[in-house]
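Below: the structure, in structure tokens.
Heavy atoms only: backbone and side chains are in, while hydrogens, waters and symmetry mates are out. Whatever order the structure lists ligands and atoms in, that order sets their numbers, starting from 1. Treat the numbers as computed from the prediction; the structure is a model and nothing was measured. Residues take their numbers from the sequence shown, with the count starting at 1.
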Amino acid sequence: MLSKDIGIDLGTANVLIYVKGKGVVLNEPSVVAIERDTKKVLAVGEDARRMIGRTPGNIVAIRPLRDGVIADFEIAETMLKHFIDRVGVRSWYSRPRILICAPTNITSVEQKSIRETAEHSGAKEVFLEEEPKAAAIGAGMNIYEPSGNMVIDIGGGTTDVAVLSMGDVVTASSIKVAGDQFDDAITRYIKAKYKLFIGERTAEDIKIGIGTVRPSGRQAEMDIRGRDMVSGLPLTITISSGEVQEALWDAVSTIVLGAKAVLERTPPELSADIIDRGVILTGGGALLNGLDELLSDELRVPVLVAEDPMHCVVKGTGIMLDHLDKVVKKRY
Ligand code: ADP
Ligand code: MG
């Protein structure tokens, strides 16, 4: 049996694993639940995510990559190893090559730790790739031609904006505002306006369920539950899409400014290509209602949401695995 090469999207919110010949075999939240005193791992992935905000004092549900940097080194390693093991790398006859996309801002020490973790999990060779590159390839862009391609990947902890040409990043920026900050903004808004505490899962449900970033976007309402700051008791209120739009305004503006700054630094010939081809949005944040239209208005270029935006990076790793000799220049 031949080794099955593996591609991994090690995201701040979700980890996806692609196995050559099989497709995406794992898609789990980047969450680990541990016992505070003993550091014992109790659950990883979806099981751990269900515990967020619901754990007793001695158990914590941690997102080790939360802000796009490795907040908790050991736990990030444990999580990666757990997921690779679950895919069953060790049981195969020959060892696979693994291509990993990690958040753009991690340090070289962290890159080394990721590579070692993959090696210890049974990889023959490990390659690390830049995330915007995999996102663009997974979204179907041909980044190897001498022409400009712009991708904006909006994940949980970071938004990565990049212009690529001839297989490499020409201009890029990583902004620390993405899905998590949208959730935080909703939490703060509801606290200020209604004196109601809500959990982070509730904030995310609101964003996905009724959120929009444009006044002309969808109009819906949702009943939400939280804890009244004054009485301390549970309380249900109704909130509307318009309110979510107001809550998200600042965070979305930061992303718009970041994308503009990248375009301003892009050589004119490549900008011209971007006007023709449009900007592609990837990552879970690309699904936020109205974001494509808002960005298109602000950047004055066409903006398209990739097909299946949350799978672009992992699909990109799968495509890159087929051309490893050609596409991977850097080995860490
Ligand atoms: P990462 O690559 O950092 O792991 P993902 O690309 O998996 O992140 O995206 C996760 C983010 O996308 C989360 O903040 C999640 O709330 C958000 N998200 C997922 N679906 C939607 C949706 N339909 N609308 C808005 N945001 C969404
Ligand atoms: Mg991502």
Contact (N/O only, under 3.5 Å) between Ala13 and ligand 1
yes
Element-labelled atoms of ligand 1 that are located less than 4.0 Å from some non-hydrogen atom of Gly285
12 (O)
Lys112 with Glu116: basic N within carboxylate O range, under 4.0 Å:
yes
Minimum-distance protein heavy atom relative to atom 18 (N) of ligand 1
Gly284 O, 3.5 Å
Nearest non-hydrogen contact to atom 8 (O) of ligand 1 from the set Gly179, Gly11, Gly156 belongs to Gly156
I need the nearest protein heavy-atom contact for atom 23 (N) of ligand 1: residue, atom name and distance, please.
Leu287 CB, 3.4 Å
Report the nearest protein non-hydrogen atom to atom 7 (O) of ligand 1: residue, atom name, distance rounded to 0.1 Å.
Asn14 ND2, 2.7 Å
Can a salt bridge be assigned to the pair Lys133 and Asp168 using a cut-off of 4.0 Å between side-chain N and carboxylate O?
yes
Would you call Arg97 and Glu119 a salt bridge, using N to O less than 4.0 angstrom?
no
Examine all N, O or S atoms of Glu131, backbone included, and report whether one is under 2.8 Å from the Mg ion (ligand 2).
yes
Cationic N near anionic O, under 4.0 Å, Arg86 to Glu46:
no
Is Ser30 close to ligand 1, meaning an N/O of one under 3.5 Å from an N/O of the other?
no
Does Asp180 reach the side chain of Arg66, with side-chain heavy atoms less than 4.5 Å apart?
yes
Using a strict threshold of under 4.0 Å (side-chain N to carboxylate O), is an ion pair present between Asp85 and Lys81?
yes
Numbered atoms of ligand 1 (with element) below 4.0 Å of Gly283, judged on heavy atoms:
6 (O)
For atom 3 (O) of ligand 1, what is the closest protein heavy atom, and at what distance to 0.1 Å?
Thr12 OG1, 2.6 Å
Less than 4.0 Å between a side-chain N and a carboxylate O, is that true for Asp183 and Arg201?
no
Are any of the N/O atoms on Asp183, whether in the backbone or the side chain, positioned under 3.5 angstrom from an N/O atom of ligand 1?
no
For the 3.5 Å polar cut-off, considering only N or O atoms, please tell me whether Glu204 and ligand 1 meet it.
yes
Apply salt bridge (Lys or Arg N to Asp or Glu O under 4.0 Å) to residues Asp297 and Arg300 and explain how you reach the verdict.
CA-CA 5 Å; Asp297 286 351; Arg300 301 203 200 100; over 6 Å; no
